[in-house]
Amino acid sequence: MPELPEAETIVRTLSPHIQGRRILTATFLSRRVSDATGSDIAGRHIAGIRRYGKQILIDLDRGLLLVDLRMTGKLLANGQPGPYTRAIFQLDRGAVLFDDIRQFGSIQLLDVEPTKLGPDPLEIHPAKFAERLRVRNTQVKCALLDQKFVRGIGNIYADEALFLARIHPTTRANQLSKQSALALHSAIVKLLNESIALGGSSVSDYVDASGSKGSFQLQHKVYRKEGKPCPQCGEPITRIVVAQRGTHFCPRCQS
DNA sequence: CTTAATGTTCCCCA
DNA sequence: TTGGGGAACATTAA
């Protein structure tokens, strides 16, 4: 799904449309989207919206909605319903659509905070991040993708951060020098913030709540760049598979 | 027809 | 208990 920067952008672009609004009706067009029913949700007020890792939490006057976008989920303000619209929230002013081509996404109605994931990469102290890596006996890319390790990083930013920090994706996390671990933390913070500033990466079909694409994909150095020259040294970018995900890196820069 | 895609979970094996 | 690997979920695009 959208990763941290995309979720953050969706929250920012959707917030002005839904903050303080009342949900008149909620309609689920696909059984897979939710266990909740429209009548469970109708009538509640929206207190606010926030990001939790790469997920989105919509606080209600009673309970909250946990929106998990997975690979192709979208939240759209005042869009036109189409063939992939899976849920419609009619508000007292405007409407919100949940579109999702692949239907991996979901919207859950919770009465308490969701189960806890790892720390937010933009908030964790660099030394704490390094320490978490040090006690992890797994490939560093696997750690980055594990939402219980840190919440919000996905396949794009994992590959880009490992390139920026010059770390091979299959390096054991507990074998990284403290210096490398800190470089990785710094690369992650830099990339996530830069991406947020550019509205996220639109590589597949990501758009924000207004239907606008981000532009951070133009800054990608290795993600989906197999065979293209490394911007640092010219060596062709290599693609391997790690944790069942396409993994892109420079075999010369990322020893 | 085959492969891969911003993700997670479940199941089996060591 | 931890970690690795594969399948599954549903749909599109190259």
Side-chain angles (χ1 to χ4, degrees), chain A residues 1-11 29-35 51-56 66-75 82-87 98-108 114-118 121 132-162 169-175 188 191-192 195-196 198-209 212-227 237-248:
Chain A
M1 96 185 175
E3 305 179 31
L4 186 153
E6 293 74 38
E8 179 65 32
T9 303
I10 291 168
V11 165
L29 290 76
S30 161
R31 182 183 323 281
R32 323 190 104 78
V33 188
S34 186
D35 293 329
R51 176 182 67 73
Y52 186 63
K54 54 178 84 164
Q55 302 179 317
I56 292 167
L66 188 169
V67 183
D68 192 344
L69 278 59
R70 296 289 177 103
M71 295 290 258
T72 54
K74 303 173 187 173
L75 283 176
Y84 308 118
T85 299
R86 311 298 182 188
F98 174 69
D99 281 23
D100 187 8
I101 293 178
R102 291 173 72 176
Q103 303 194 75
F104 289 169
S106 66
I107 298 177
Q108 295 174 59
T115 54
K116 226 169 149 33
L117 299 174
R132 286 176 73 78
L133 281 174
R134 196 182 64 76
V135 299
R136 192 94 182 189
N137 178 30
T138 185
Q139 298 176 121
V140 60
K141 175 158 179 180
C142 293
L144 294 182
L145 293 178
D146 182 352
Q147 302 301 295
K148 292 191 286 298
F149 178 74
V150 274
R151 69 175 112 110
I153 297 173
N155 210 30
I156 296 175
Y157 299 98
D159 281 6
E160 292 296 323
L162 289 166
T170 63
T171 309
R172 298 259 117 189
N174 56 10
Q175 298 293 307
I188 289 167
L191 290 168
L192 295 180
S195 183
I196 290 169
L198 293 180
S201 300
S202 290
V203 290
S204 183
D205 70 338
Y206 161 75
V207 289
D208 69 19
S212 303
K213 294 187 174 194
S215 58
F216 192 70
Q217 69 280 5
L218 302 174
Q219 308 299 318
H220 293 173
K221 305 288 194 265
V222 292
Y223 179 72
R224 285 214 190 181
K225 304 286 186 190
E226 183 183 15
I237 298 302
T238 297
R239 179 184 182 279
I240 59 175
V241 174
V242 175
Q244 297 189 91
R245 311 300 301 277
T247 297
H248 317 77

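Predicted model, so just to flag it, every value in this text is computed and none were measured. We name chains A, B, ... by the order of the sequence lines, and we start the count at 1 in each one.
Near DNA chain C, meaning a heavy atom under 4.0 Å away, the residues from residues 133-143 of chain A are A:Asn137, A:Thr138, A:Gln139.
Side-chain atoms of A:Arg224 lie closest to B:dA5 of the nucleotides C:dG4, B:dA5, C:dT12. Comparing atom distances between the A:Ile101 side chain and each of C:dT12, B:dT8, B:dA5 picks out C:dT12 as nearest.
When each of A:Thr170, A:Thr171, A:Asp159, A:Asp146 is paired with A:Lys141, the side-chain hydrogen bond (donor to acceptor under 3.5 Å, both in side chains) condition holds for A:Asp159 and for no other.
The two residues A:Glu6 and A:Ser195 make their nearest non-hydrogen contact at OE2-OG, 4.0 Å. Annotation for A:Gln219 and A:Glu160: closest pair O-OE1, 4.4 Å, computed over non-hydrogen atoms. Between A:Ala158 and A:Ile153, the shortest heavy-atom contact is N-CG2, 3.7 Å.
Side-chain contact check for A:Gln103 and A:Ser30: at least one donor-acceptor pair (N or O, by modelled atom type) lies under 3.5 Å. Side chains of A:Thr85 and A:Asp99: a donor-acceptor N/O pair is present below 3.5 angstrom, by distance only. Side-chain contact, A:Thr72 with A:Asp100: a donor N or O sits under 3.5 Å from an acceptor N or O. There is a side-chain donor-acceptor pair under 3.5 Å between A:His220 and A:Ser201.
Taking a 6.0 Å sphere around CG of A:Asp35, one finds it holds 12 or fewer heavy atoms contributed by other residues, nucleotides or ligands.
Here the separation of B:dT2 from C:dA7, taken at their P atoms, is 15 Å to the nearest Å. Spacing of P atoms, B:dT8 relative to C:dT1, comes out at 23 Å, to the nearest Å.
One atom, CD1 of A:Ile240, and another, P of B:dA4, lie 14 Å apart when rounded to the nearest Å. Atom P of nucleotide B:dA5 and atom OH of A:Tyr84 are separated by 20 Å, given to the nearest angstrom. Straight-line distance from the CZ atom of A:Arg31 to the P atom of C:dC9: 16 Å, rounded to whole Å. The CZ atom of A:Arg245 sits 9 Å away from the C1' atom of B:dT8 (whole-angstrom rounding). Look at CG on A:Asp100: it is 13 Å from P on B:dT8, rounded to the nearest Å. When the C1' atom of B:dT8 is taken as reference, atom CZ of A:Arg151 falls 17 Å away, rounded to whole Å. Between A:Asp159 atom CG and B:dA5 atom C1' the separation is 13 Å, expressed in whole Å. Counting to the nearest Å, the P atom of C:dT11 and the NZ atom of A:Lys74 are 15 Å from each other.
Between A:Gln244 and C:dA7, a side-chain N or O to OP1/OP2 separation shorter than 4.0 Å is absent. Between A:Arg102 and the phosphate of B:dA4, there is no side-chain N or O to OP1/OP2 separation shorter than 4.0 Å.
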Nucleotides 12-14 of chain B: which of its N/O atoms have a protein N/O under 3.5 Å away?
none

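Toward the 5′ end of DNA chain B lies the nearest nucleotide of A:His248, the other residue of the pair A:Lys148 and A:His248 mapping further downstream. The residue among A:Thr247 and A:Ala243 whose nearest nucleotide of DNA chain B is located toward the 5' end is A:Thr247.
Ring stacking is absent between A:Phe104 and B:dT8, as the pair misses the limits of under 5.5 Å between centres and under 30 degrees between planes.
Taking the six-membered ring for Trp and thresholds of 30 and 60 degrees, A:Phe216 and A:Tyr157 have nearly parallel ring planes, at less than 30 degrees apart.
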